[in-house]
Novice: 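The structure under discussion is supplied below as structure tokens; questions concerning it will follow.
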2 protein chains.
Amino acid sequence: MARVGLTKERLTLAGAELADEVGFDKVTVSALARRFGVKDASLYSHVRNSQDLKTRIALLALAELADRVAAALAGRSGKDALAAFADAYRDYAREHPGRYAAAQLELDAETALASAAGKHSAMTRAILRGYDLAEPDQTDAIRLLGSTFHGYVTLEQAGAFGHTARDSQTSWTRILDALDALLRNWPTT
Amino acid sequence: MARVGLTKERLTLAGAELADEVGFDKVTVSALARRFGVKDASLYSHVRNSQDLKTRIALLALAELADRVAAALAGRSGKDALAAFADAYRDYAREHPGRYAAAQLELDAETALASAAGKHSAMTRAILRGYDLAEPDQTDAIRLLGSTFHGYVTLEQAGAFGHTARDSQTSWTRILDALDALLRNWPTT
DNA sequence: TTATTTGCCTAATACTCCTAGGTATCTTAG
DNA sequence: CTAAGATACCTAGGAGTATTAGGCAAATAA
């Protein structure tokens, strides 16, 4: 019996690929074992359980996404940064729907701290440097941006924007324009 | 063996309650059977399968949500309507997290047509009547609003806004202010 | 080469989903 | 009011997934 060479890392990566192919919720220990041509039980030397596997995939996705966003953001500011951030986000979700869904997995406090989640919020805050917003408006604006991007990407993935004449790419661009205008002219209370 | 009196409707409602208690993804045929004190197999006289049960819960949630939004929207326009719509949405999600998750279930085309989904998009469009927006800006604005509300509610539910000083209710109110300002002053290309 | 680690296996239990076929309870027509 | 039919719920059982325990063989270290 030739060994296949399983490791945490290979399982996590294969799990992420599987998620992109069939959906994150269909990533299962047995499906992954099947993919490697080994028995289910063999995976348990490498991951604690199904939840552990999913968490690892989620952390992988968060890290990948953070890297992409960081690269996109480098050297940009103002609306350029806003668009780069948003596009990095959306592109990742479109290229890797399963991984994106994985990144949405709610992590326990400890795991979240060890994840790239902190990096994400720092980067979101960085976008606003190009706009003149003080606290607490800044926090509100961050929440608005995060909500809008996440919501758009989720709804787009669910096919919500595919059934009308207006194509999704155009709406996306116009929404970025609108958000930019809003940030430049944030209403005071 | 006294009969419990199962029907599609009671199963669907109990499924919705179960979803709110333990999460939509944990709504299972066996859990529901346990709740009624009957055997798993007994449910299959009333629902076709697990997917059918989930779809019914989703349709229930969509209909309930549409009713709430319609009631909230009645007699309001402009920013009032915007806030009423958004609050109805968010309140429903907070009171019924499982149902709200169910409403996100992707339905096949036929089921979607028979659902309250059409009513939802009509109502979203109705909000914009108080603002001076022509097509295709209107479609873009609808997508922005839908994305932001859905994204905010989802992230809030995931606990994303609970760990900083700024409380979520305040951000929500300010974001509605900001969106109102944006709609009143939609940037032209 | 031997000793040790460890990668993968078999075996077994539990839970969920679902089908087939049976029995008991309700409903309704005569 | 009773017999006939419909149907609510049951038992039995097969298939897939999650997980644990313990074993053998392949890789690695001594």
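We name chains A, B, ... by the order of the sequence lines, and we start the count at 1 in each one.
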Novice: For DNA chain C, find the residues of residues 9-25 of chain A with a heavy-atom distance under 4.0 Å and give them by number; none if there aren't any.
Specialist: none

Novice: Quick one: do A:Arg143 and B:Glu156 make a salt bridge, cutoff under 4.0 Å?
Specialist: no

Novice: Before giving the answer on side chain to side chain contact (heavy atoms under 4.5 Å, CB included), spell out for B:Gln169 and B:Arg90 the whole-Å C-alpha distance, their side-chain angles and the decisive distance to 0.1 Å.
Specialist: CA-CA 11 Å; B:Gln169 178 57 49; B:Arg90 175 163 172 255; 2.9 Å; yes

Novice: Name the orientation class of the two ring planes belonging to A:Tyr92 and A:His96 (parallel below 30°, tilted from 30 to 60°, perpendicular beyond 60°).
Specialist: tilted

Novice: What's the NZ-C1' distance between A:Lys39 and C:dC9, to the nearest Å?
Specialist: 9 Å

Novice: Can you name the closest pair of heavy atoms from A:Arg94 and A:Pro97 and give their distance?
Specialist: O-CD, 3.7 Å

Novice: Would you tabulate the pairs of protein nitrogen or oxygen atoms and nucleotide nitrogen or oxygen atoms of nucleotides 16-20 of chain D closer than 3.5 angstrom?
Specialist:
| from | atom 1 | to | atom 2 | distance (Å) |
| --- | --- | --- | --- | --- |
| D:dT17 | OP1 | A:Arg34 | NH2 | 2.9 |
| D:dT17 | OP2 | A:Arg34 | NH2 | 2.7 |
| D:dT17 | O5' | A:Ser30 | OG | 3.3 |
| D:dT17 | O3' | A:Thr28 | OG1 | 2.9 |
| D:dA18 | OP1 | A:Thr28 | OG1 | 3.1 |
| D:dA18 | OP2 | A:Thr28 | OG1 | 2.4 |
| D:dA18 | OP2 | A:Val29 | N | 2.9 |
| D:dA18 | OP2 | A:Ser30 | N | 3.1 |
| D:dA18 | OP2 | A:Ser30 | OG | 3.0 |
| D:dT19 | OP2 | A:Tyr44 | OH | 3.2 |
| D:dT19 | OP2 | A:Ser50 | N | 2.6 |

Novice: Are OP1 or OP2 of D:dC10 and a side-chain N or O of B:Ser42 less than 4.0 angstrom apart?
Specialist: yes

Novice: Checking side chain to side chain contact (heavy atoms under 4.5 Å, CB included) against B:Tyr131, which of B:Asp137, B:Asn185, B:Leu82 comes through?
Specialist: B:Leu82

Novice: Just how far, in rounded Å, is C1' of C:dC15 from NZ of B:Lys26?
Specialist: 15 Å

Novice: Less than 4.0 angstrom between a side-chain N/O of A:His46 and OP1 or OP2 of C:dC8, yes or no?
Specialist: yes

Novice: Under 4.5 Å between side-chain heavy atoms, chaining through other members, with only Ile, Leu, Val, Met, Phe, Trp and Tyr counted: pull out the rest of the cluster around A:Leu13, sorted by chain and number.
Specialist: A:Leu60

Novice: Could you give the CZ-to-C1' distance, from A:Arg3 to C:dT5, as a whole number of Å?
Specialist: 9 Å

Novice: Do A:Leu179 and A:Leu144 make a side-chain contact, defined as non-hydrogen atoms from C-beta onward lying under 4.5 Å apart?
Specialist: yes

Novice: For B:Leu53 and C:dT16, give me the distance from atom CG to atom P, rounded to whole Å.
Specialist: 14 Å

Novice: Using every non-hydrogen atom in the two residues, find where B:Ala86 and B:Leu176 come nearest and quote the distance to one decimal.
Specialist: CB-CD2, 3.6 Å

